[in-house]
Amino acid sequence: RRLQTAAQRERARARVFRPLAIELGWLVYEWNRLQASLADLFADITRKEDSRVPLAIWHTINSERDQRRMLQAAIDATYMVESPKPRVHADISWILKQLNSLAGKRNDAIHSPLIFITQLDAEGEMEGVEILLMYFFGNPRAAGLKDKSLLQEFKWYRDHLGRLAKFAELLHFALAFPDYLWPDRPQLPPVGQFRSRRATTRRKNKSK
């Protein structure tokens, strides 16, 4: 159906953008959830009695990367003389390493400019909408996502962050409550998991 009116064109853009917008929203949610859990871990490591003081220190730092560096410094100093290092040191360090390696991808997803491209029929009438990355003007964030399925990439980022956030929450509970069972590290998803699932589904459908 041709999109003849402004309202029709706007609804078409919203319909095309909705799946991507949902994944971006989840990605931001999981990132913020993980950063909040890191603040709790910082308070667990550094507090004596009241967590308000270490949390106040944490929130004076504007850079999230600097907050993570501060947490790494806190656990390194806390367990400096212990050899071998306890499990809490290894697990928090592992989370920070995973998060730092994912931070650039998260920034690509959040800060890459997108553009709506109008699809025309043979008579020049608008009949569809497509979303493209604006990498062709030299934006380095968008260039990092060039030739990738945005929906698949963002799903992977969200899943990755969600598992790290859950693990960080469980570590906080284990530190705050001595009787709480110490959690195991999560199995992080492979990069192509969503692409592989779809390919498997297509193969199954073809075989029927």
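Just so it is clear, the values below take in all heavy atoms, side chains as well, and ignore hydrogens, waters and symmetry mates.
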From CH2 (Trp58) to CE (Met70), nearest 0.5 Å: 5.5 Å
Basic-acidic side-chain contact under 4.0 Å: Lys105, Asp108: no
Single-linkage hydrophobic cluster Leu170~Leu99, side-chain heavy atoms < 4.5 angstrom: no
Indicate every side-chain donor-acceptor pair of residues 17-29 with a distance under 3.5 Å to a residue at least two apart or in another chain.
from, atom 1, to, atom 2, distance (Å)
Glu23, OE1, Arg158, NE, 3.3
Glu23, OE1, Arg158, NH2, 3.2
Glu23, OE2, Lys155, NZ, 3.2
Glu23, OE2, Arg158, NH2, 2.9

Residues Glu82 and Lys85 bridged, charged N to O under 4.0 Å: no
Candidate pair Leu150 and Leu133, rule side chain to side chain contact (heavy atoms under 4.5 Å, CB included), full reasoning: CA-CA 9 Å; Leu150 297 184; Leu133 285 161; 3.7 Å; yes
Arg68 and Gln35: side chain donor to acceptor below 3.5 Å: yes
Residue pair Leu34 / Ile95, side-chain heavy-atom distance below 4.5 Å: yes
Heavy-atom check, side chain of Met134 versus side chain of Asn139, under 4.5 Å: no
Ile131 CD1 to Ile117 CD1 distance, which is reported to the nearest 0.5 Å: 10.5 Å
Any side-chain donor near an acceptor of the partner, Asp76 and His89, under 3.5 Å: yes
Show me the side-chain donor-acceptor pairs of residues 174-183 shorter than 3.5 Å, one per line, residues at least two apart or across chains.
from, atom 1, to, atom 2, distance (Å)
Trp182, NE1, Asp91, OD2, 3.0

Cationic N near anionic O, under 4.0 Å, Glu30 to Arg163: no
CH2-CG distance between Trp31 and Leu164, expressed to the nearest 0.5 angstrom: 10.0 Å
Exceeds 12 heavy-atom contacts within 6.0 angstrom, atom CD of Glu130: yes
Cluster overlap Leu55 with Phe42, hydrophobic side-chain contacts below 4.5 Å: no
Spatial distance of atom CG (Asn32) from atom CD (Glu64) [nearest 0.5 Å]: 6.5 Å
Ionic contact status for Asp44 with Arg47, cut-off 4.0 Å: yes
